Amino acid sequence: MHRLPLPLVSFVSGCLLQAAGAAFGLWLMRIAGNEPAFWPSNGLLVALILTVGIRQISWAISGAIVGSAFLNALLGTGMMGFALSGADLVEVVFVALAAQRLRLVGSGLESIVNVVVLVAIISTGAAASALGGAVTLAWFRDIPLADTLTILWRLNATSALMILAPFFAIAKPGRVEPLRDIFHRNDRLRIAELAMIVGVIGVSILVMRQTGVSMISFFTAPLLWCAIRFGSPATAAIGSATSLTVILMIVAGVWPFPSGVPLASQLQRVELALCFNTIPPLFVAAALAGLQKAARDLKLSQERLRYALAGSGEGVWDWNIATNETYFSDGWYTILGYQRDELQADASTWDRLRHPDDEPETRRRIQDHLDGRSPRYSVEQRFRHKDGHWVWVLDRGSVVEHDAEGRPLRAVGTLLDISRRRARQDELSRLAHHDPLTGLANRTALTEIFERWNVEKRSFCFVLIDLDDFKPINDLYGHQFGDHALLAIADRLRACLGQRDIASRIGGDEFALLIEGAEAEPMAQRLIDRISEPIGFAAALVSTGASIGVAVVADGSPDFEGAYRQADIALYDAKASGGATYRIADGQHRSDDHAPTPPLAASALLIAAGGEPADQPGKNCEDAAEHRHG
């Protein structure tokens, strides 16, 4: 079966609702002795238009016009009936368009603003409709405007509010949602509580009828109870049902009222009282809905933050600067291996756990942020773990609250374990600045330290060392023996240096030293003597000599390249002299007389084996640097 076109559904529904609603209102009016009591057609048409969609308003209004024409023709009201129907349709169009434009549909009346908007647009639309109806009656029946304007406004406003308040509390754009599943979401106690509210109102109505006492204000209490416990949908529905029940009892003449009071006055006073009793609970329900939504949003944000922090491994701290009290999250304690009750929750905990070397920089950055010199606080520092080892952490935070004079009151931040990252950084830095075999500094690190010492105007010696007869060791015994020999020589270099001196390996068998404040000649001879000591590996015992070139650096001169060039020329001069000696730049001294005789030189081993020594001194040393390096 094919679905009916929406325009046709809108047209037919508008026709039927207008005819049925107007007929019901006229029937109540006839029972009440021609006093207007309840007019449902306007509210029903607004609900229809907003249900099928605002784009179908022309079809729904066309159907309503046809329904009005049919009813007017049946009753014989003539042009006056058409004019009154037109005034009603003005209210329908205004309320529907205003509700759509102000996004009232689907709001659930869950904010005070929405309740105010509902009352405002219904009151305005009812006023326009009442004015049109009063003018029509004055034109056709000579009834003064003052006699009908208030009555018609009260009739249209209260009737529309009774129908539209529940509709907007439960409606969604394009369709009507069923009442919120209170029964599905709550237990039997809540269901019994809702039934009790309805029962209290029903019993109160019966008691008032039997005792002859009209206490409309009594209904405010159970409606407030309903608003607090069940929200806007149930409050609007129960309030409208209560109001309609009382109106029908007044029309039927069974509602207690002082004798001699006209029915029109009874209806007017009671309907307004019922509206005034229903609107405050709607405000309360809207306010509570807003608070509940804020609480849900806050809880959701807290859960997201907790999940994000759990996923990132970060801990949270909250520091009350005025009292020094500090909140640490579970993640904060986990990073340092403690339980919550094992550390004092104040700022002194940071001071007790922080590495002493990190204290000055951390305090400086904290103070810079507190004084407003930096937008946030961030520092990498070490905290002592419960097990005793140091944990590198990234500590970040910012001030989030100030007093009236701008002084910081509260700061919030996070703690992140970066131990692995720092270990990787340290390893990368070590690889970038150290020789992988010997662990000595490499040429990059040597250059950086040289430049720093030069900037500081230190006086030091730049020492360039080239091993004599080292290649035959690799050729005869293999590279494993050669690596062992290099490691042994590196250890000997370290032993000859002070704590502030630097040893580096800058080539295969070439080393460079930065020695602060030492006399060049004794230092160079000591290095030659130590390097020349025999080196044993497995069953073999060999020795190698060292040729050394020294450049003296003082007061920032020369630079690295200049010092290297001077030491290199001096080194070549030492090798040209037969090796196992040193030269100081500018030819100041040599140490041929003190050169030790190795127990078994590698070159001698090669000669015995019928080979040629690899490191023979050059015949012509006029341009030493060019001969060595091309």
Side-chain angles (χ1 to χ4, degrees), residues 99 102-119 165-173 177-198 220-239 277-312 314-320 322-323 325-334 340 345 397-403 409-414:
L102 297 174
R103 303 182 184 276
L104 195 59
V105 182
S107 66
L109 299 182
E110 292 184 346
S111 74
I112 295 177
V113 174
N114 291 333
V115 178
V116 172
V117 168
L118 173 64
V119 175
F167 172 79
F168 284 118
I170 64 175
K172 292 291 182 181
E177 238 183 25
L179 278 173
R180 298 185 179 182
D181 50 349
I182 298 173
F183 297 98
H184 176 71
R185 292 186 291 107
N186 297 282
D187 54 19
R188 294 181 179 180
L189 184 62
R190 295 290 300 279
I191 297 173
E193 186 178 4
L194 181 62
M196 188 179 299
I197 294 173
V198 176
T220 303
L223 289 178
L224 286 174
W225 180 11
C226 183
I228 294 171
R229 298 294 292 165
F230 298 99
S232 299
T235 304
I238 294 176
N277 282 349
T278 303
I279 292 175
L282 288 177
F283 278 114
V284 172
L288 291 176
L291 292 176
Q292 291 170 358
K293 183 178 183 301
R296 290 194 301 269
D297 292 342
L298 178 59
K299 182 180 179 180
L300 182 60
S301 298
Q302 291 174 338
E303 290 178 351
R304 288 173 178 169
L305 177 60
R306 184 170 65 251
Y307 295 148
L309 292 174
S312 65
E314 293 188 64
V316 177
W317 53 264
D318 187 343
W319 178 27
N320 187 326
T323 64
E325 295 179 358
T326 306
Y327 164 80
F328 301 117
S329 70
D330 293 338
W332 193 95
Y333 287 102
T334 300
R340 181 170 292 277
S398 61
V399 175
V400 296
E401 186 178 351
H402 296 80
D403 62 11
L409 292 179
R410 181 184 177 196
V412 177
T414 60

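All values derive from a computational prediction rather than experimental measurement. Residue numbers run from 1 in the order of the sequence given.
Of the inter-residue distances, the one linking Trp332 atom CH2 with Trp317 atom CH2 reads 11.0 Å to the nearest 0.5 angstrom. Taking CG from Asp297 and NZ from Lys299, the interatomic distance works out to 12.0 Å, rounded to the nearest 0.5 Å.
Not counting sequence neighbours, the partners of Leu298 by the side-chain contact (heavy atoms from CB on, under 4.5 Å) test are Gln302. Evaluation of the side chain to side chain donor-acceptor pair (under 3.5 Å) rule for Arg103 yields no partner, not counting sequence neighbours. Contacts of Ile279 classified as side-chain contact (heavy atoms from CB on, under 4.5 Å), with partners at least two apart in sequence or in another chain: Val119, Leu161, Phe283. Residues passing the side-chain contact (heavy atoms from CB on, under 4.5 Å) test with Asp330 are Arg340, sequence neighbours excluded. Scored by the side-chain contact (heavy atoms from CB on, under 4.5 Å) test, Ser398 finds His369, Arg376, Val400 as partners (sequence neighbours excluded).
Counting all heavy atoms, side chain and backbone alike, Ile112 lies closest to Ala287 at CD1-CB, 4.0 Å. Scanning both residues, Leu104 and Asn114, for their nearest heavy atoms gives CD1-O, 3.5 Å. In terms of heavy-atom proximity, Asp318 sits nearest to Arg410 at OD2-NH2, 2.5 Å. The two atoms that bring Trp319 and Thr326 nearest to each other are CD1-OG1, 3.5 Å, heavy atoms only. Listed here is the closest heavy atom pair of Thr235 and Ala285: OG1-CB, 4.4 Å. In this structure, Leu109 and Ala165 approach most closely via the heavy-atom pair CD1-O, 3.6 Å.
Taking 4.5 Å as the limit, some side-chain heavy atom of Lys293 sits within range of a side-chain heavy atom of Arg296. Between Val105 and Phe168, the closest side-chain pair of non-hydrogen atoms falls below 4.5 Å.
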Sequence neighbours left out, cut at 3.5 Å: what donor-acceptor pairs do the side chains of residues 220-231 make with other protein atoms?
{"from": "Thr220", "atom 1": "OG1", "to": "Ser217", "atom 2": "O", "distance (Å)": "3.2"}
{"from": "Thr220", "atom 1": "OG1", "to": "Asn277", "atom 2": "OD1", "distance (Å)": "3.0"}
{"from": "Trp225", "atom 1": "NE1", "to": "Glu193", "atom 2": "OE2", "distance (Å)": "3.0"}
{"from": "Arg229", "atom 1": "NE", "to": "Glu193", "atom 2": "OE1", "distance (Å)": "3.1"}
{"from": "Arg229", "atom 1": "NE", "to": "Glu193", "atom 2": "OE2", "distance (Å)": "2.8"}
{"from": "Arg229", "atom 1": "NH2", "to": "Glu193", "atom 2": "OE1", "distance (Å)": "3.1"}

